[in-house]
Amino acid sequence: MLCIVSQRDERGGGNASIPAEHHRRNSPAMEACHRRRIPLHPPSPVASPVLRRPSSAQASDALPLPIRLTNHVFVVLFLASLVFLMRRWRSKILSGSPLHVVDLLELAAIISFVSSLTYLLNFFGIPFVQPFLSPSPDDDVSVSSAQKIQPCSSPDETPAKKIPSFCAKIDSLCLESDEEIIQSVVSGATPSYILESKFGDCRRAAGVRREALKRITGRSVEGLPIDGFDYESILGQCCEMPIGFVTLPVGIAGPLLLDGMKYYVPMATTEGCLVASTNRGCKAIGESGGAASVVLKDGMTRAPVVRFASATRAAELKFFLEAPENFETLSLVFNSSSRFARLRGIHCSLAGRNLYMRFSCSTGDAMGMNMVSKGVQNVLDYLQSDFPDMDIISISGNFCSDKKPAAVNWIEGRGKSVVCEAIIKEEIVHKVLKTTVSDLVQLNIIKNLAGSAVAGALGGFNAHASNIVSAIFIATGQDPAQNVESSHCITMMEAVNDGKDLHISVTMPSIEVGTIGGGTQLASQSACLDLLGVKGANMESPGANARLLATIIAGAVLAGELSLMSALAAGQLVKSHMKYNRAQKGDANKASPLM
């Protein structure tokens, strides 16, 4: 009895148990497997040639030590060099010494670290990578020239024991059909969240997940589009387990004349009259000479909470963090987490034996939540050595405060704090806004100030700032949930120039925006940022694009506040909404009183 003896299969990592005649390129059996995705040769009880790994020299034989001992040496070398370097760098950070200056011992440790890491990655990393590197149907899978015929060592080694399915070894030739995977997802055998990694095709994964959902729920999602979207762009970044995408109309308000520049503001919304009303406010501002804005503060916050055995001990850490002489050291530790993160301040608050530490830092053109969180983690690790009894409860203790209305954001600010103002001429108030200066001033006091106070509003001393903020956030790829604090706004109106003209301003202490990261990288949102001239990072002045976006949002809110308040003063609000929120197709060309 003869057997074909083969070297180890380079692709699948196992013994390639396939007779040589089935490895020829373009054989009929191979083409059928490609088309039908079925195994070429299922196991058979009938005796047939099998493949066996020969006893040949191994690459590891060239090593001076046995492979197991070699692995142990490199693991110890890796850990020792890593611990040594971390301790040296920590000492340099504390002493203020430059990290790039190294002595011979540190240089040796760096070389040992790199060499051991390279060895370990090559030795242990390849088995994890190989399963994802499946060959294409056109790859040559011919038998190696190293195969040779030898007698079988035992007649008991039958094909049923030795021959696995051909498709079990070469995944690309045996991918299950979509229908089989849909049934597997419906039954619960295959988790929906692994489809992207299983297929390597995000669009196909979305389609399979969508069909499985339809069968599980018994409800159709035909109105939800699936084609025409780059699902690769959101993988691991923006959205998990997608089944399609939602289309939203984007309108343009403007030009908004702000700080001497004109901007056309994109607004994604389904609320009728919103874009038209904001556009009218932009017109009134532009014809009055434009608006001016100032960024008062720029700092994203994160507030971890820690606990001690006593309130006295918690107070000791509070005093330590707020002491001016310690700020430089804490800044070095915090800033080492990023090229752009720069610690601006630490504000602590005590509740019993719990200490809340609100870190504020600039984050360049990113919104910065991840950036500030990494810096905070660095500081907590540093403090742990001096305060070993500190129990870290959470990296976020809600004193930040993120995505919740909070007085600390209203008073201290979060993100970009912006004020924007304009003087609207009397004739523009009459001609464009169809009202009077005195009516607007009186309405603002009674509605936005007194009315909001009666309601117990927190940061809501405005007419509808969140309308404009939400629309621009969605259009430009910001986090819509941060509309909560980003819409904190107080609108002020006063008669100036002997009561003839109107001075209007909006003060917004916590606009949380970025021009890189998150949803800003998606094609549609990136295009809207590009329209405003703030796409991506500003290489000359990091953070300038994000600050400009914040001022544009404040300017658009100013326009929206001006127009809506005028509509309320003139009694046009209900008329406009009844006409345009319920407009028939034949009414589409009629002009809005808000335009």
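Scope of the values below: all heavy atoms of this structure, side chains included, with no hydrogens, waters or symmetry mates.
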Point to revise | Electrostatic pair R209-E196, nearest N-O below 4.0 angstrom | key: yes
Exercise for review: Give the ring-plane orientation class for Y119 versus F74, where under 30° counts as parallel, over 60° as perpendicular and anything between as tilted.
Suggested key: parallel
Study note, to complete from the structure: Residues C202 and Y231: closest non-hydrogen pair is CB-CB, 3.6 Å
Check your understanding: Does any N or O in the side chain of R342 come within less than 3.5 Å of the main-chain N or O of R339, such that one atom is a donor and the other an acceptor?
Key -> yes
Point to revise | side-chain hydrogen bond (donor to acceptor under 3.5 Å, both in side chains) between S81 and S112, intermediate numbers included | key: CA-CA 6 Å; S81 57; S112 300; 5.8 Å; no
Review point. Is D103 salt-bridged to R88, cutoff N-O under 4.0 Å?
Key: yes
**Study point:** Any donor-acceptor pair under 3.5 Å from T363 side chain to A366 backbone
**Key:** yes
**Study point:** Atom CD of E240 with >12 non-hydrogen neighbours under 6.0 angstrom
**Key:** no
Practice item. Please identify each residue that fulfils ring-ring contact (aromatic ring centres under 6.0 Å, His included) with F78, with sequence neighbours left out. Key: F113
Check your understanding: About how many Å separate CG of N326 and OG of S331, when rounded to the nearest 0.5 Å?
Key -> 10.5 Å
Review point. Are E485 and K404 ion-paired here, with the side-chain N under 4.0 Å from a carboxylate O?
Key: no
Exercise for review: Find out whether M86 and R90 are in side-chain contact, i.e. whether some heavy atom of one side chain is under 4.5 Å from a heavy atom of the other.
Suggested key: no
**Study point:** N335 CG: over 12 foreign heavy atoms closer than 6.0 Å
**Key:** yes
Exercise for review: For this output row, return yes or no: ring centroids of F399 and H347 closer than 6.0 angstrom.
Suggested key: yes
Check your understanding: Do the ring planes of W410 and H488 sit parallel (below 30°), tilted (30 to 60°) or perpendicular (above 60°)?
Key -> perpendicular
Check your understanding: Are S349 and R358 close enough that a side-chain donor and a side-chain acceptor fall under 3.5 Å?
Key -> no
Point to revise | T301 and R414 side chains, donor-acceptor separation under 3.5 Å | key: yes
Practice item. Verify whether one side chain among S470 and N483 offers a donor that lies under 3.5 Å from an acceptor in the other. Key: yes
Practice item. Quick one: do I110 and L85 satisfy side-chain contact (heavy atoms from CB on, under 4.5 Å)? Show the steps, please. Key: CA-CA 8 Å; I110 292 173; L85 289 173; 3.8 Å; yes
Review point. How long is the gap from OG1 on T551 to CD1 on I511, to the nearest 0.5 Å?
Key: 8.5 Å
Point to revise | pair L380-I395: side-chain heavy atoms closer than 4.5 Å | key: yes
Check your understanding: Between the main-chain N or O of S177 and the side-chain N or O of E180, is there a donor-acceptor pair closer than 3.5 Å?
Key -> yes
Review point. Sub-3.5 Å donor-acceptor pair from the side chain of D365 to the main-chain atoms of N545, do we have one?
Key: yes
Pairs of donor and acceptor atoms involving the side chains of residues 514-525, under 3.5 Å and at least two apart or interchain, shall be tabulated with distances.
unit_1, atom_1, unit_2, atom_2, d
T515, OG1, G536, O, 2.7
T520, OG1, G517, N, 3.2
T520, OG1, G517, O, 2.6
Q521, NE2, Q237, OE1, 2.8

Study note, to complete from the structure: Correct closest heavy-atom pair for P388 and S385 would be CD-O, 4.0 Å
Practice item. Output yes when a side-chain donor or acceptor of S396 lies under 3.5 Å from a complementary backbone atom of P304, and no otherwise. Key: no
Check your understanding: F199 ring centre to R204 NZ or CZ under 6.0 Å, with the angle to the axis within 45°?
Key -> yes
Point to revise | Polar side-chain atom of S310 near backbone of R313 as donor-acceptor pair, under 3.5 Å | key: yes
**Study point:** S487 side chain to V484 backbone, donor-acceptor under 3.5 Å
**Key:** no
Review point. Thinking salt bridges, do D298 and K416 make one under a 4.0 Å N-O criterion?
Key: yes
Check your understanding: Is L105 atom CG crowded by more than 12 heavy atoms from other residues, nucleotides or ligands, each under 6.0 Å away?
Key -> yes
Practice item. Check for a donor-acceptor pair, side chain of S401 on one end and backbone N or O of A406 on the other, with a separation under 3.5 Å. Key: no
Review point. With no hydrogens and no angle check, is any side-chain donor or acceptor of K535 less than 3.5 Å from a backbone partner on L529?
Key: no
Point to revise | Residues, nucleotides or ligands: over 12 heavy atoms within 6.0 Å of E325 CD | key: yes
Check your understanding: Taking 4.0 angstrom as the limit, do D230 and R203 come out as a salt bridge?
Key -> no
Check your understanding: When you measure from the side chain of S362 to the backbone N and O of G364, does any donor-acceptor pair fall under 3.5 Å?
Key -> no
Point to revise | Verdict with reasoning, D479 to K403, per side-chain contact (heavy atoms from CB on, under 4.5 Å) | key: CA-CA 10 Å; D479 188 340; K403 301 173 184 176; 2.8 Å; yes
**Study point:** Non-hydrogen side-chain atoms of L195 and M241 separated by less than 4.5 Å
**Key:** no
Point to revise | R547 CZ to N538 CG distance, which is reported to the nearest 0.5 Å | key: 8.5 Å
Check your understanding: Between D402 and R302, is there a salt bridge with N-O shorter than 4.0 Å?
Key -> no
Review point. I194 and S197: which non-hydrogen atoms are nearest, and at how many Å?
Key: O-OG, 2.9 Å
Exercise for review: Assign the ring pair F334 / F359 to parallel, tilted or perpendicular, where the plane angle (0 to 90°) is split at 30° and 60°.
Suggested key: parallel
Point to revise | Minimum-distance pair of heavy atoms, taken over all atoms of V418 and A554 | key: CG1-CB, 3.7 Å
Practice item. With rounding to the nearest 0.5 Å, note down the distance linking OG in S417 to CG in L296. Key: 6.0 Å
Check your understanding: Is the closest side-chain heavy-atom distance between I234 and F229 below 4.5 Å?
Key -> yes
Point to revise | L532 side chain near T476 side chain, heavy-atom distance below 4.5 Å | key: yes
Review point. How far apart are the C-alpha atoms of L383 and F320, what are their side-chain angles, what is the distance that settles it, and do they pass the side-chain contact (heavy atoms from CB on, under 4.5 Å) test?
Key: CA-CA 10 Å; L383 293 174; F320 176 85; 3.7 Å; yes
Check your understanding: Between V306 and Y356, is any pair of side-chain heavy atoms under 4.5 Å apart?
Key -> no
Study note, to complete from the structure: dist S338:OG -> N370:CG (nearest 0.5 Å) comes out at 11.0 Å
**Study point:** Heavy-atom closest contact (G299 atom, S360 atom, distance)
**Key:** CA-OG, 3.7 Å
Study note, to complete from the structure: Note: C400 and A303 closest approach over all heavy atoms is SG-N, 3.2 Å
Practice item. List the steps, then state whether side-chain contact (heavy atoms from CB on, under 4.5 Å) holds for M369 with Q482. Key: CA-CA 11 Å; M369 282 299 302; Q482 289 183 323; 4.0 Å; yes
Review point. Is any side-chain heavy atom of M508 less than 4.5 Å from a side-chain heavy atom of V469?
Key: yes
**Study point:** Interatomic distance, R210 atom CZ to S192 atom OG [nearest 0.5 angstrom]
**Key:** 13.0 Å
Review point. Looking at side-chain heavy atoms only, is the closest gap between I553 and V513 below 4.5 Å?
Key: yes
